[in-house]
Amino acid sequence: MDNQPKHSSIGSNLAFLSLLLASVVYLCIWSSSSSLINPLFSFQKHDAQCPSKNPSTTTTTTFNAVPDELLATLDKASIGNKTVIIAVINKAYAVQEVKADTTMLDLFIESFWQGEDTRHLLDHLVLVAVDQTAYDRCQFLRLNCYRLETDGVDFGGEKLFMSQDFIKMMWRRTWFLLEVLKRGYSFIFTDTDILWLRNPISRLSMNETEDLQISTDMFFGDPWNEKQLINTGFYRIRSNNKTIALFDRWYTMKDNATGQKEQDVLLDLIRGGIIGQLGLRVRFLDTLYFSGFCQDSKDFGAVTTVHANCCRSIVAKVKDLKAVLRDWKRFKKTMAQKTTAGLAANGFQWSGHWGCWNSWKVPNNTEKATHKA
């Protein structure tokens with residue numbers, strides 16, 4: 001019979017258990033710290049539950065955290081230098097009426113197909129839908145879509161020029177674009193009543209010191225003249241502290257801008273010296289290249305975009321933009337038959353914008369009015 005004292009056996013067992021427990025604690029601490037410095041451990045799943053010093057403060061890794069949806073959309077559409085193209089649409093621009101054969105959105109997208117060096121730009125376009133129908137239409141077209149919601153406001157229908165809903169929609173747009181700038185993205189903003197006949201980037205300055213390049217209703221010859229009649233329907237803006245400050249100042253004035261749309265407020269800011277105050281460099285775009293119904297480009301060989309500005313209604317805009325596309329197709333066909341581009345361009349004129357000109361004669365109760373931009 002073994003007469004060895006029992007307490008020595010118990011002591012040996014206790015020593016072994018203590019050593020085993022210390023090893024487990026060490027492994028837990030080592031594996032946690034290793035995952036921070038060794039990428040091979042950062043994705044390992046640890047089934048063992050290590051003891052916590054304070055169970056009430058135990059945290060879990062948030063692998064399934066919801067990302068910034070806007071940031072993800074912008075990143076997907078980025079040209080490569082954190083620049084995107086942005087347009088805002090609603091149901092009235094995206095869905096055909098009973099008697100209509102096309103929509104403003106259809107014409108806008110068609111221009112990228114018909115334009116020169118423009119098809120690839122659709123990959124970099126973000127359509128911001130202010131109602132669910134417009135968003136559904138965007139998704140159906142398989143474009144880059146973002147749903148911008150506004151509580152208590154239905155932006156789906158055609159908005160009367162300078163109505164309360166129209167003003168709210170324009171300011172909501174300004175707020176959204178400020179958010180884009182804050183996320184570090186530069187952008188080209190375009191209204192959807194603009195046809196892209198050529199790649200406009202080729203006519204925009206690549207000078208990184210220029211903060212804002214904005215279209216005009218009437219161009220007076222000097223791209224630095226701050227008395228130009230701006231149009232916020234098309235512009236390129238770089239994301240930096242100065243442009244964010246500009247948009248922030250612009251947006252904060254909305255509550256003191258009774259009877260003014262956002263474009264009017266920005267014009268007042270420019271004429272009030274905001275460009276010098278913030279140290280901005282702002283170029284005003286020539287209508288020779290960035291044309292519109294207010295002032296047609298005289299050169300088919302140079303024009304890049306055509307804006308249905310100075311027009312009252314969607315019906316009129318659609319009618320006259322269809323005529324612009326016909327003119328453009330006719331020009332391209334003639335160009336293909338000529339050996340000299342200059343000869344093809346000379347003598348071409350736009351069809352009269354009769355729909356838009358006559359829209360100003362129609363009473364408000366007969367044809368709904370839209371914004372001038």
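All values reported here derive from a predicted model rather than from experimental measurement.
Tracing side-chain contacts under 4.5 Å through hydrophobic residues (I, L, V, M, F, W, Y), one never reaches Leu143 starting from Val130; they form parts of separate clusters. Met206 and Ile85 fall within the same hydrophobic cluster, defined by Ile, Leu, Val, Met, Phe, Trp and Tyr side-chain heavy atoms under 4.5 Å apart, directly or through other members. There is no path of hydrophobic side-chain contacts, each under 4.5 Å, that joins Leu70 to Ile89. Taken together through direct or relayed side-chain contacts under 4.5 Å among Ile, Leu, Val, Met, Phe, Trp and Tyr, Leu74 and Tyr135 form parts of separate hydrophobic clusters. Both Tyr185 and Leu246 belong to a single network of hydrophobic side chains, linked directly or stepwise wherever heavy atoms of I, L, V, M, F, W or Y lie under 4.5 Å apart.
In terms of heavy-atom proximity, Ser291 sits nearest to Gln295 at OG-O, 3.7 Å. Between Asp106 and Thr102, the closest heavy-atom pair is CB-OG1, 3.3 Å. Scanning all heavy atoms of the two residues, the minimum distance from Gly221 to Pro223 falls at O-CD, 3.7 Å. Minimum interatomic distance between Leu121 and Asp117 (heavy atoms only, all atoms of both residues): CD1-O, 4.1 Å. Contact detail for Asn199 and Thr118: the closest heavy-atom pair is N-CG2, 3.5 Å. Minimum heavy-atom separation, Ser186 to Ser239: OG-N, 3.0 Å.
Not one N or O on the side chain of His124 forms a donor-acceptor pair closer than 3.5 Å with the backbone of Val84. A side-chain donor-acceptor contact under 3.5 Å links Arg172 to the backbone of Glu149. Judged by distance alone, the side chain of Thr232 and the main-chain N or O of Gln263 form no donor-acceptor pair under 3.5 Å. When atom types are taken as modelled, the side chain of Ser215 and the backbone of Asn231 share a donor-acceptor pair closer than 3.5 angstrom. Distance alone, capped at 3.5 Å, places no donor-acceptor pair between the Asp248 side chain and the Ile244 backbone. Asn90 contributes a side-chain N or O that, together with a main-chain N or O of Tyr93, makes up a donor-acceptor pair within less than 3.5 Å. In terms of modelled atom types and a separation under 3.5 Å, the side chain of Gln260 and the main chain of Val265 share no donor-acceptor contact. Using a distance-only test at 3.5 Å, with no hydrogens or angles considered, a donor-acceptor pair links the side chain of Arg119 to the main chain of Trp113.
Here the CZ-CZ distance, from Arg326 to Arg330, works out to 10.0 Å after rounding to the nearest 0.5 Å. Rounding to the nearest 0.5 Å gives a distance of 14.5 Å between CG of Leu122 and CZ of Arg142. Interatomic distance, Leu278 CG to Asn241 CG, rounded to the nearest 0.5 Å: 10.5 Å. Note that CG of Leu127 is 12.5 Å distant from CG of Leu148, once rounded to the nearest 0.5 Å. The CG atom of Leu195 sits 11.0 Å away from the OG1 atom of Thr304 when rounded to the nearest 0.5 Å. Residue Ile109 holds its CD1 atom at 9.0 Å from OG1 of Thr192, rounded to the nearest 0.5 Å.
A side chain to side chain contact (heavy atoms under 4.5 Å, CB included) with Arg173 is found for one member of Val128, Val88, Leu178 and no other, namely Val88. For the side chain to side chain contact (heavy atoms under 4.5 Å, CB included) with Val318, the lone residue among Asp320, Val315, Ile314 that qualifies is Ile314.
Ring geometry for Trp196 versus Phe108: interplanar angle over 60°, hence perpendicular rather than tilted (30 to 60°).
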Test His353 against Asp296 for side chain to side chain contact (heavy atoms under 4.5 Å, CB included), laying out the working first. CA-CA 10 Å; His353 312 306; Asp296 286 322; 2.8 Å; yes
Stepwise, does the side chain to side chain contact (heavy atoms under 4.5 Å, CB included) test hold for Leu177 with Tyr251? CA-CA 10 Å; Leu177 296 173; Tyr251 182 70; over 6 Å; no
Apply the test side chain to side chain contact (heavy atoms under 4.5 Å, CB included) to residues Leu197 and Gln114: give CA-CA distance (whole Å), side-chain angles for both, the deciding distance (0.1 Å), then the verdict. CA-CA 7 Å; Leu197 304 182; Gln114 297 291 344; 6.0 Å; no
After noting the C-alpha distance and the side-chain angles of Phe284 and Ile214, does the key distance pass the side chain to side chain contact (heavy atoms under 4.5 Å, CB included) rule? CA-CA 5 Å; Phe284 301 93; Ile214 188 167; 3.7 Å; yes
Just do the side chain to side chain donor-acceptor pair (under 3.5 Å) check on Gln228 and Thr216 with the steps written out, would you? CA-CA 7 Å; Gln228 300 279 3; Thr216 58; 5.0 Å; no
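Proximity of Trp224 to Arg283: side-chain heavy atoms (C-beta onward) are separated by under 4.5 Å at one or more points. Counting only heavy atoms from C-beta outward, the side chains of Leu212 and Leu280 never approach each other to under 4.5 Å. The side-chain heavy atoms of Ser205 and Gln213, taken from C-beta on, include a pair separated by under 4.5 Å. Inter-residue side-chain proximity for Leu107 and Lys317 is flagged as unmet; no heavy-atom pair is nearer than 4.5 Å. Side-chain contact between Ile274 and Trp250: absent, with no pair of heavy atoms (C-beta onward) separated by less than 4.5 Å. The closest side-chain heavy-atom distance from Leu266 to Thr174 is not below 4.5 Å. Residues Val303 and Trp350 meet the side-chain proximity criterion, which asks for heavy atoms closer than 4.5 Å. In this structure the side chain of Arg236 reaches within 4.5 angstrom of the side chain of Ile201, judged on heavy atoms.
Judged by the 6.0 Å distance and 45° axis criteria, Arg198 is not positioned over the aromatic ring of Trp328.
Shown here is Lys332, whose NZ atom has more than 12 heavy atoms of other residues, nucleotides or ligands within 6.0 Å. Heavy atoms from other residues, nucleotides or ligands lying under 6.0 Å from CD of Glu116 number more than 12. Within 6.0 Å of atom CD in Glu97, 12 or fewer heavy atoms from other residues, nucleotides or ligands are found, so the atom counts as exposed in its surroundings.
For a disulfide, the SG atoms of both cysteines must be under 2.5 angstrom apart; this fails for Cys356 and Cys310.
Taking the centre of each ring, Phe247 and Trp175 stay at or above the 6.0 Å mark. The ring of Phe176 has its center closer than 6.0 angstrom to the ring center of Tyr146.
Residue pairs meeting the disulfide (SG to SG under 2.5 Å) criterion with at least one member in residues 71-145, sequence neighbours excluded, are Cys138-Cys145.
For the residue pair Asp211/Thr243, the side-chain donor-acceptor check at 3.5 Å is not satisfied. With no hydrogens or angles considered, no side-chain donor-acceptor pair links Ser78 and Asp75 at under 3.5 Å.
With respect to the salt-bridge test (charged N to carboxylate O, under 4.0 angstrom), the residues Lys91 and Asp131 do not qualify.
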